[in-house]
2 protein chains.
Amino acid sequence: MANEDRFDRCEISCIHEEAVAAVKQTMISDDEAQSLADIFKTLADRTRVKMLFALMQKELCVCDLAAVIGASESSVSHQLRILRTNKLVRFRRDGKILYYSLADDHVITLFRQALEHASHDEAWAAQFLDLIK
Amino acid sequence: MANEDRFDRCEISCIHEEAVAAVKQTMISDDEAQSLADIFKTLADRTRVKMLFALMQKELCVCDLAAVIGASESSVSHQLRILRTNKLVRFRRDGKILYYSLADDHVITLFRQALEHASHDEAWAAQFLDLIK
DNA sequence: TTTACATATGATCAGTTGTTCATATGTAAA
DNA sequence: TTTACATATGAACAACTGATCATATGTAAA
């Protein structure tokens with residue numbers, strides 16, 4: 001019934017009802033938006049960015065990663081769990097050592113887009129665009 | 001002097017010195033990694049994801065946005081400031097009303113990549129891949 | 001088995017983030 | 001100028017995040 005829309009207007013006064021209705025129809029749900037946000041959240045930390053950046057170039061074990069990015073092994077291990085949970089990295093075991101690498105190429109593309117966005121303001125970004133594929 | 005490297009090994013015992021040295025050479029700096037992380041951080045919130053998703057389809061004013069995503073106008077205004085600061089949206093004024101829209105197309109590409117990553121596990125993601133360009 | 005070592009996990013805590021409520025700003029009509 | 005309205009901003013607070021330290025797990029050599 002057409003009246004149900006009216007109730008909303010008591011709480012939030014929108015100005016362009018047609019536009020709002022149209023956009024609402026193709027709107028992403030709360031859960032879906034959360035899933036997308038979670039992917040970006042996984043990339044939204046300096047330590048994890050450096051870890052993924054290193055893994056773009058070569059598979060590395062935990063203590064190598066710690067040495068490369070200058071963080072503690074415990075910290076790296078904790079962050080690797082987050083990356084694993086979100087399926088951005090995978091690992092293989094060789095004896096006592098776990099070798100981590102990127103799970104797929106989406107991370108690379110995400111980084112490239114972010115670098116292109118950054119390169120509008122920051123000169124350094126261009127050099128890395130050449131570097132990653 | 002070649003000995004300086006030796007000091008590092010007292011703190012962090014890395015196993016593959018050559019690999020670590022090679023990756024270190026092309027490593028992104030702390031500040032640069034932080035800049036990239038900040039871009040992803042801007043996208044790492046459900047409310048902002050929904051806002052950007054809405055703006056992909058049509059320019060909208062603050063109260064329209066609030067109505068579309070079901071949040072308070074104050075909350076939307078706060079989040080818009082974050083999106084403005086990070087240059088993901090821009091606005092034009094028409095009388096009392098501010099119309100917001102996407103600043104450029106990088107957001108769309110970033111969303112597409114995230115959706116492709118998500119579509120490995122989540123069936124809903126594919127439908128939005130068709131929707132956004 | 002012990003022992004050593006690579007890595008994972010749990011608890012704690014400071015720092016950050018997002019929402020809400022209250023208040024301020026800026027614009028235009030009356 | 002008042003008034004109304006669209007939006008911005010500030011303060012306060014709960015929830016979340018990441019680093020650290022301590023401890024546990026799993027693997028392989030001794």
Side-chain angles (χ1 to χ4, degrees), chain A residues 9 11-17 19-20 30 33-34 37-52 59-86 89-101, chain B residues 9 11-17 19-20 30 33-34 37-52 59-86 89-101:
Chain A
R9 264 177 267 150
E11 309 215 321
I12 299 174
S13 61
C14 70
I15 300 178
H16 310 85
E17 301 181 34
V20 169
D30 273 17
Q34 187 64 59
D38 287 344
I39 295 173
F40 293 121
K41 199 177 292 186
T42 310
L43 301 168
D45 174 78
R46 186 182 51 175
T47 303
R48 290 195 293 274
V49 165
K50 294 182 80 177
M51 291 169 63
L52 291 168
E59 75 169 4
L60 293 167
C61 72
V62 176
C63 56
D64 287 346
L65 262 176
V68 166
I69 71 172
S72 74
E73 294 176 17
S74 176
S75 174
V76 167
S77 182
H78 274 292
Q79 301 296 4
L80 278 172
R81 181 146 85 118
I82 295 174
L83 294 175
R84 256 187 285 126
T85 303
N86 289 276
V89 301
R90 56 197 173 76
F91 63 93
R92 66 180 178 87
R93 177 183 283 282
D94 182 13
K96 293 187 246 190
I97 301 176
L98 298 178
Y99 290 92
Y100 279 86
S101 54
Chain B
R9 265 177 264 151
E11 308 215 321
I12 299 174
S13 61
C14 71
I15 300 177
H16 311 85
E17 301 181 33
V20 168
D30 274 17
Q34 187 63 58
D38 287 344
I39 295 172
F40 293 122
K41 198 178 292 187
T42 309
L43 301 168
D45 175 78
R46 186 181 51 176
T47 302
R48 290 195 293 273
V49 165
K50 294 182 79 177
M51 290 169 63
L52 291 168
E59 74 168 5
L60 294 167
C61 71
V62 175
C63 56
D64 287 345
L65 262 177
V68 165
I69 72 173
S72 74
E73 293 175 16
S74 175
S75 175
V76 167
S77 181
H78 274 293
Q79 301 296 4
L80 278 172
R81 180 145 84 122
I82 295 174
L83 294 176
R84 255 187 287 127
T85 302
N86 289 276
V89 300
R90 56 194 173 78
F91 63 91
R92 66 180 178 87
R93 177 182 282 282
D94 183 12
K96 293 188 247 190
I97 301 177
L98 298 178
Y99 290 92
Y100 280 87
S101 55

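This structure is a prediction, so every number in the text was calculated from the model and none was measured.
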Spacing between Leu98(A) atom CG and dT9(C) atom C1', to the nearest angstrom: 14 Å
Taking any heavy-atom pair under 4.0 Å as a contact, classify Arg84(B): base, sugar-phosphate, or nothing. sugar-phosphate
Hey, does the side chain of Lys96(B) come within less than 4.0 Å of dG26(C)'s phosphate (OP1/OP2), counting only N and O? no
I'd like to check Leu65(B) versus Leu80(B) (side-chain heavy atoms, cut-off strictly below 4.5 Å). Are they in contact? yes
With a 4.0 Å cut-off on heavy atoms, is Arg48(A) in touch with a base, just the backbone sugar-phosphate, or nothing at all? sugar-phosphate
Go through dT27(C), dT7(D), dT9(C) for me and flag the one nearest to the Arg93(B) side chain. dT27(C)
If dA28(C) has a Watson-Crick or G-U wobble mate with both distances under 3.5 Å, name it; if not, just say none. dT3(D)
Separation of atom CD1 in Ile82(B) from atom P in dT16(C), rounded to whole Å: 14 Å
Answer whether the closest heavy-atom distance between the side chains of Asp30(B) and Lys50(A) falls below 4.5 Å. yes
With the side chain of His78(A) defined as its heavy atoms from C-beta on, choose the nearest nucleotide among dA8(D), dC21(D), dT9(D). dC21(D)
Grab the CD-P distance between Glu73(A) and dG18(D) for me, whole Å please. 20 Å
Donor-acceptor contact present, side-chain Arg48(A) to main-chain Thr42(A), <3.5 Å: yes
Starting at atom CZ of Arg81(A), determine the distance to atom P of dA11(C), rounded to an integer number of angstrom. 11 Å
Can you check the Arg92(B) CZ to dA6(D) C1' distance for me, whole Å? 15 Å
In the structure shown, which nucleotide is the Watson-Crick or G-U wobble counterpart of dT23(D), with both distances under 3.5 Å? dA8(C)
From CE of Met51(A) across to C1' of dT7(C) the rounded distance in Å is 12 Å
Side-chain N,O (Ser75(B)) to OP1/OP2 (dG18(C)) below 4.0 Å: no
Side chain of Ser74(B) only, heavy atoms from C-beta on: which candidate in dA8(C), dT9(D), dT7(D) is closest? dT9(D)
Within less than 4.0 Å of OP1 or OP2 of dT17(D), is there a side-chain N or O belonging to Lys41(A)? yes
Is there a donor and acceptor pair, one atom on the side chain of Thr47(B) and one on the base of dT19(C), closer than 3.5 Å? no
Measuring only between side-chain heavy atoms, which start at C-beta, is Arg81(B) closer than 4.5 Å to Thr85(B)? yes
Result for 5'-nearest mapping on DNA chain D, choosing between Ala44(A) and Ile97(B), is Ile97(B)
Separation of dT17(D) atom P from Arg46(A) atom CZ, nearest Å, is 18 Å
At under 4.0 Å, does any side-chain N or O of Tyr100(B) touch on OP1 or OP2 of dA8(D)? yes
With a 4.5 Å cut-off on side-chain heavy atoms, are Arg46(A) and Lys41(B) touching? no
Can you find a heavy atom in the side chain of Leu52(A) that is under 4.5 Å from one in the side chain of Val89(A)? yes
Find the partner of dA12(D): check Watson-Crick (N1-N3 plus N6-O4 or O6-N4) and G-U wobble (N1-O2, O6-N3) distances, both under 3.5 Å, and reply none if neither fits. dT19(C)
In whole angstroms, how far is the C1' atom of dT19(C) from the CD atom of Gln79(B)? 9 Å
Under 4.0 angstrom, heavy atoms only, what part of the nucleic acid is Tyr99(A) near: base, sugar-phosphate, or nothing? nothing
